[in-house]
Enquirer: 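Please see the structure below; I have some questions.
Heavy-atom basis, side chains included; hydrogens, waters and symmetry copies ignored.
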Amino acid sequence: FFYFHLSFNEWLATRTTGKTPVEAADLNRKAASSFGLQQTDYQQLTTITTAIARELRGIDQEENAHANARARYEQHPVPAVLQQLELRRQGVVNRGMLQLQQNLDRSQAV
């Protein structure tokens, strides 16, 4: 979900570029509505998902760098390193879910 929402926001940003403030606000309102949220909750969702997705991408980049460095010497990635990265990834996802649960107004969700 974090990756999806980051991609969605990047797509939305391309759609609001060059639009009048009224048109951009309307697109943002519709985006919030498509998730069943008020705009303030949608803004919080966006802030949290963007931060978490970027952190996850960083872990993915570390994993790729490790695998590529090992491949240069025709070696497999070290399982303990991959396991540590997966544990970090799970921790980031859990923290993101907790932040969403704590910050979104459940009464506004569909």
Enquirer: Group every Ile, Leu, Val, Met, Phe, Trp and Tyr by side-chain heavy-atom contacts under 4.5 Å, then state whether Leu87 and Val81 land in the same group.
Expert: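 No, separate clusters.
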Enquirer: Between Gln39 and Ala25, what is the shortest heavy-atom contact and its length?
Expert: NE2-O, 3.9 Å
Enquirer: Test Ile48 against every option in Thr50, Thr46, Ile52 by the side chain to side chain contact (heavy atoms under 4.5 Å, CB included) rule and name the one that passes.
Expert: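 Per the side chain to side chain contact (heavy atoms under 4.5 Å, CB included) rule, the option paired with Ile48 is Ile52, out of Thr50, Thr46, Ile52.
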Enquirer: What pairs of residues pass the salt bridge (Lys or Arg N to Asp or Glu O under 4.0 Å) test when at least one of them lies in residues 3-12, not counting sequence neighbours?
Expert: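 Non-adjacent pairs meeting salt bridge (Lys or Arg N to Asp or Glu O under 4.0 Å): Glu10-Arg57.
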Enquirer: Locate the shortest heavy-atom distance separating Ala53 from Phe2; write the atom from each residue and the value.
Expert: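 Of all heavy-atom pairs spanning Ala53 and Phe2, the closest is CB-O, 3.5 Å.
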Enquirer: Looking at Asn103 and Asp41, what are the two nearest heavy atoms and their distance?
Expert: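 Result for this residue pair: O-OD1, 4.2 Å.
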Enquirer: Please collect all side-chain hydrogen bond (donor to acceptor under 3.5 Å, both in side chains) contacts where either partner lies in residues 82-96, sequence neighbours excluded, each pair once.
Expert: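 Only Glu55-Arg95, Asp60-Arg89, Glu62-Arg88, Glu63-Arg89, Glu86-Arg89, Glu86-Gln90 qualify under side-chain hydrogen bond (donor to acceptor under 3.5 Å, both in side chains).
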Enquirer: Got a sec, which residues hit ring pair (Phe, Tyr, Trp, His ring centres under 6.0 Å) with Tyr42, two or more places apart in sequence or on another chain?
Expert: His5, Phe35
Enquirer: Out of curiosity, does Leu98 fall in the hydrophobic cluster containing Val93 (side-chain heavy atoms, cut-off under 4.5 Å, transitive links)?
Expert: no
Enquirer: Where do Ser34 and Ala31 come nearest, in terms of heavy atoms and distance?
Expert: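 It is OG-O, 2.6 Å.
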Enquirer: Could you work out, with side-chain hydrogen bond (donor to acceptor under 3.5 Å, both in side chains) as the rule, every residue matching Asn64, not counting sequence neighbours?
Expert: none
Enquirer: The criterion is side-chain hydrogen bond (donor to acceptor under 3.5 Å, both in side chains); which residues satisfy it with Arg54, sequence neighbours excluded?
Expert: none
Enquirer: For a 4.5 angstrom cut-off between non-hydrogen side-chain atoms, does Thr49 reach Leu6?
Expert: no
Enquirer: Measuring from Leu37:CG to Gln44:CD, what's the distance to the nearest 0.5 Å?
Expert: 10.0 Å
Enquirer: Say whether Val22 and Leu27 are linked into one hydrophobic cluster, either directly or through other cluster members, by side-chain heavy-atom distances under 4.5 angstrom.
Expert: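 No: no chain of side-chain contacts under 4.5 Å links Val22 to Leu27.
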Enquirer: Apply side-chain contact (heavy atoms from CB on, under 4.5 Å) to residues Leu82 and His66 and explain how you reach the verdict.
Expert: CA-CA 9 Å; Leu82 297 179; His66 171 71; 4.2 Å; yes
Enquirer: Can you pull out every side-chain hydrogen bond (donor to acceptor under 3.5 Å, both in side chains) where at least one residue sits in residues 13-22? Sequence neighbours excluded, please.
Expert: Thr20-Glu23
Enquirer: Please assess Lys30 against Asp26 for the test side-chain contact (heavy atoms from CB on, under 4.5 Å), listing each intermediate value before the final yes or no.
Expert: CA-CA 6 Å; Lys30 288 177 181 176; Asp26 187 51; 3.2 Å; yes
Enquirer: Could you tell me whether the side chain of Ser7 and the main chain of Tyr3 form a donor-acceptor pair under 3.5 Å?
Expert: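 Checked: pair present.
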